[in-house]
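Taking it in order: structure first as structure tokens, then the write-up.
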Amino acid sequence: MATKATKSKIVTGMVRFSSLHVFDPIESSTGKLKYFATILIPKPATETINKLKKSFEENIQANKAYFGGTIPDHLSGGIRDGDLESSLYAGYYFLVAESKEKPGVIDSDLNPITNRSAFYCGCYGRASITISPFKTAKGFGILTTLNNMMKLKDGARLVE
């Protein structure tokens with residue numbers, strides 16, 4: 001009998017959005033259409049960083065049976081250190097969230113944002129994500145699913 005995966009839902013504190021593909025899906029590396037966003041967490045935002053790290057770790061532990069009884073030595077996904085990955089993400093931790101379904105995108109008054117130029121790479125807000133495990137023929141990992149995003153303030157546009 002297959003073991004059911006345990007999922008956890010999180011709403012971040014203030015983050016910055018990058019690599020936004022939330023109005024129209026793009027083709028993923030597997031050839032499927034998905035919505036994507038890179039969520040940048042400023043390194044001084046220790047409350048959000050600790051909440052995310054704790055949630056990822058708890059999710060890994062809760063899914064030990066899903067992974068076959070032991071936690072794999074290497075899991076893809078999760079929160080990563082921007083200083084080690086890209087000069088664009090220096091000073092941030094980041095994670096990539098994706099979804100098969102179009103995420104909700106709203107402003108601080110809870111109004112849907114439909115003007116694409118109003119929600120852009122570099123603006124700030126909060127994100128609702130779901131963390132869950134996955135396994136494929138290539139290995140195991142932790143998937144971050146994008147649920148909803150709320151724009152809270154403008155920021156300098158990021159050039160990607």
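Nothing fancy with the numbering, it's 1 onward along the sequence.
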> Glu27: what forms a side chain to side chain donor-acceptor pair (under 3.5 Å) with it, not counting sequence neighbours?
Replying inline: none

>> Any side-chain to backbone donor/acceptor pair from Lys153 onto Gly125? Under 3.5 Å, distance only.
In response: no

> Hey, is the main chain of Gly122 close enough, under 3.5 Å, to the side chain of Arg16 for a donor-acceptor pair?
Replying inline: yes

> How far does CZ of Arg157 sit from SG of Cys123, to the nearest 0.5 angstrom?
Replying inline: 8.5 Å

> Do you know which two heavy atoms are closest between Ile10 and Lys51, and how far apart they sit?
Replying inline: CG2-CE, 3.9 Å

> Is the shortest heavy-atom distance from the side chain of Tyr92 to the side chain of Ser18 under 4.5 Å?
Replying inline: no

>> When you compare the side chain of Leu95 with that of Thr38, does any pair of heavy atoms fall below 4.5 Å?
In response: no

>> Please tell me whether Asn148 and Ser128 have a donor and an acceptor in their side chains that are separated by less than 3.5 angstrom.
In response: no

>> Please enumerate all residues that pass ring-ring contact (aromatic ring centres under 6.0 Å, His included) together with Phe119, with sequence neighbours excluded.
In response: Phe17

> Which heavy-atom pair separates Ile131 from Asn59 by the least distance, and what is that distance?
Replying inline: O-ND2, 3.1 Å

> Can you list every side chain to side chain donor-acceptor pair (under 3.5 Å) pair that touches residues 96-106, not counting sequence neighbours?
Replying inline: Lys34-Glu98

> For residues 107-119, which residue pairs qualify under salt bridge (charged side-chain N to carboxylate O under 4.0 Å, His left out), counting only residues two or more places apart or in two chains?
Replying inline: Asp24-Arg116

> If you measure from OG1 on Thr130 to CG on Leu146, what distance do you get to the nearest 0.5 Å?
Replying inline: 9.5 Å

>> Just so I know, are the side chains of Lys9 and Asn147 near enough to count as touching, which here means a heavy-atom distance under 4.5 Å?
In response: yes

> Sequence neighbours excluded, which residues qualify as salt bridge (charged side-chain N to carboxylate O under 4.0 Å, His left out) partners of Glu85?
Replying inline: Arg80

Review item, side-chain donor-acceptor pairs of residues 40-48, under 3.5 Å, at least two apart:
unit_1, atom_1, unit_2, atom_2, d
Lys43, NZ, Asp81, OD1, 2.7
Lys43, NZ, Asp81, OD2, 3.2
Lys43, NZ, Asp83, OD2, 2.6
Thr48, OG1, Gly13, N, 3.1

> Can Val105 and Met150 be said to form a side-chain contact (heavy atoms from CB on, under 4.5 Å), step by step?
Replying inline: CA-CA 6 Å; Val105 181; Met150 174 187 276; over 6 Å; no

> Judged by atom type as modelled, is there a donor-acceptor pair below 3.5 Å linking the side chain of Tyr120 to the main-chain atoms of Gly155?
Replying inline: yes

>> A side-chain contact here means heavy atoms from C-beta on lying under 4.5 Å apart; do Phe36 and Val22 qualify?
In response: no

